[in-house]
*Asks:* 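Quick one: this structure, given as structure tokens, is what I'll be asking you about.
Just so it is clear: chains get the letters A, B, ... in the order the sequence lines come, proteins before strands, and each one is counted from 1.
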There are 2 protein chains.
Amino acid sequence: MNTKSYYSSYPKFHMAVDCIIFGFEEGGLSLLLQKRNFEPAMGEWSLMGGFVEEGESVDDAARRVLTNLTGLKDIYMRQVKAYGEVERDPGERVISAAYYALIDINKQDKELIKAHNAFWVKLDELPHLIFDHDQMVADALSVMREKALSKPTGINLLPEEFTLTQLQSLYEAILGEEIDKRNFRKRIAEMDYIEKTGHIDKLLSRRGAALYRLNPEKYSKDSKFKI
Amino acid sequence: MNTKSYYSSYPKFHMAVDCIIFGFEEGGLSLLLQKRNFEPAMGEWSLMGGFVEEGESVDDAARRVLTNLTGLKDIYMRQVKAYGEVERDPGERVISAAYYALIDINKQDKELIKAHNAFWVKLDELPHLIFDHDQMVADALSVMREKALSKPTGINLLPEEFTLTQLQSLYEAILGEEIDKRNFRKRIAEMDYIEKTGHIDKLLSRRGAALYRLNPEKYSKDSKFKI
DNA sequence: TCAAAAGTGTTAAGTTTACACCCATGA
DNA sequence: TCATGGGTGTAAACTTAACACTTTTGA
């Protein structure tokens, strides 16, 4: 039996990726959403997506979509799952893998975002999205929250150096609840992969706050991270 | 712009599913694996898989593959993720979604399994599998363990009525470590969705052991489940 | 001098772990 | 009568949660 002919008796499908892009601003999480100025579903809100190309891995397609929209490379992305209902896209059958990304909202390329008609929308003010994108967002949020509790992936939402107050309000945004300041700092102090840089931030307070950073070497050795 | 023409400028791909089928026997977890008697990769071990068909959802394809192999329907299955590396299948490009299932090993259709040249293999004696199937198994195990801690999905590996000793050794198999009997029973007692049936099992001990079952109604109201 | 954010320890409550013996029964 | 698996409670260790005041400094 010939391998090619075995495979070719089966159907093929369009394969897409959709990106749930989380950013952090003004004490809350936001998503980068597209107000579609093209068909299908013109005028509605959707995630940023794109089709997988020939010779491109699905992961790479997700990275390409993110880079095309934000100008950012080497961003933490994680696949949520694949969505394969027959009628999920009413236009034609498309299977889509959802990925989420965490980005520092200050590093984006604003021109690119504008060119794509994309906007930051706060998590508690999300519009209804097309197709099964609402479900994708719900699933991504739940995976992201869970991972953020066990690994400091959320630090991608902050600048490289950050104050403990910033880190705390990031975690409050991710979890959607308040955290006790002293308990939070106690736990951070136990994580030797979050280290003082020696620099002082004077922008956010008169007194000044110590700046910290993630030490990725120490982090990879000790992968516990729990707030 | 016409929707169809927009879509049709993009490539299409074969879409497959691969099933990580967990069973429970003799105090350990096993996987149902196929010794391939067909190309590609004849003679090697692989997961049970199949191609998604036209007009069939990806979830349905996974269910079909499981039913074809085991004769079982309405089994708990969960998607792990999609695997989309370009060269993951050296024959031709195939994107595959991995699903895991938990089955009661006594309910399988042994003839069907034999017809597919499939065998139960203990988790700690797994052979090397083709393509990226080793990675799929590792990912499925980690997702399954995590879910088993928060929801009693693992109960699918047992008969409908089970003794607490059976339930405990199931959880020991899932976690790969021993659990204290009294602590285990204390926690089960707090879960009112695991209830005594009033029946007594006399097969596994002289004295007889109380049989329990999952009450799905109570369970859905109270979704905490932690061993 | 005061407003605003930074920084700092202790105690109580709750959860998890460790641990050993008697019970009922069929062979 | 004894071997086998079934069944039961308590105390120590550890983890988590609650809580309020002093410090620094620029305006």
*Asks:* Take Lys186(B) and Lys186(A), find for each the nucleotide of DNA chain C with the closest heavy atom, and name the residue whose nucleotide sits nearer the 5' end.
*Replies:* Lys186(A)
*Asks:* Ignoring the backbone of Asn183(B), work out which of dA18(D), dT17(C), dG7(D) is nearest its side chain.
*Replies:* dT17(C)
*Asks:* Out of curiosity, Asp180(A) CG to Gln168(A) CD, how far, rounded to the nearest 0.5 Å?
*Replies:* 7.5 Å
*Asks:* Quick one, which residues of residues 197-212 of chain A touch DNA chain C with a heavy atom under 4.0 Å?
*Replies:* Leu204(A), Ser205(A), Arg206(A), Arg207(A), Gly208(A), Ala209(A), Ala210(A)
*Asks:* Let me know the distance between CD of Glu190(B) and C1' of dT16(C), rounded to the nearest Å.
*Replies:* 11 Å
*Asks:* What nucleotide among dA17(D), dA6(C), dC19(C) has an atom nearest to a side-chain atom of Thr165(A)?
*Replies:* dA6(C)
*Asks:* Salt bridge or not for Asp192(A) and Lys218(A), using N-O below 4.0 Å?
*Replies:* no
*Asks:* Give the rounded distance in Å between these two atoms: CD of Glu178(B) and P of dT16(C).
*Replies:* 20 Å
*Asks:* With side chains defined as the heavy atoms from C-beta onward, is the minimum distance between Leu167(B) and Tyr212(B) less than 4.5 Å?
*Replies:* no
*Asks:* If every non-hydrogen atom of Ala101(A) is compared with every non-hydrogen atom of Ile75(A), which pair is closest and at what distance?
*Replies:* CB-CG2, 4.1 Å
*Asks:* Considering only side-chain heavy atoms of Arg182(B), which listed nucleotide, dC19(D), dA17(D), dC19(C), is closest?
*Replies:* dC19(C)
*Asks:* Are Lys186(A) and Phe184(A) in a cation-pi setup, meaning NZ or CZ lies under 6.0 angstrom from the ring centre and within 45 degrees of the ring axis?
*Replies:* no
*Asks:* To the nearest angstrom, how far is Ile179(B) atom CD1 from dT17(C) atom C1'?
*Replies:* 13 Å
*Asks:* Taking side chain to side chain donor-acceptor pair (under 3.5 Å) as the cut-off, I'd like each qualifying pair that reaches into residues 117-130 of chain B, sequence neighbours left out, listed once.
*Replies:* Gln108(B)-Trp120(B), His128(B)-Asp134(B)
*Asks:* Expressed as a whole number of angstroms, how long is the span from Arg187(A):CZ to dT8(C):P?
*Replies:* 17 Å
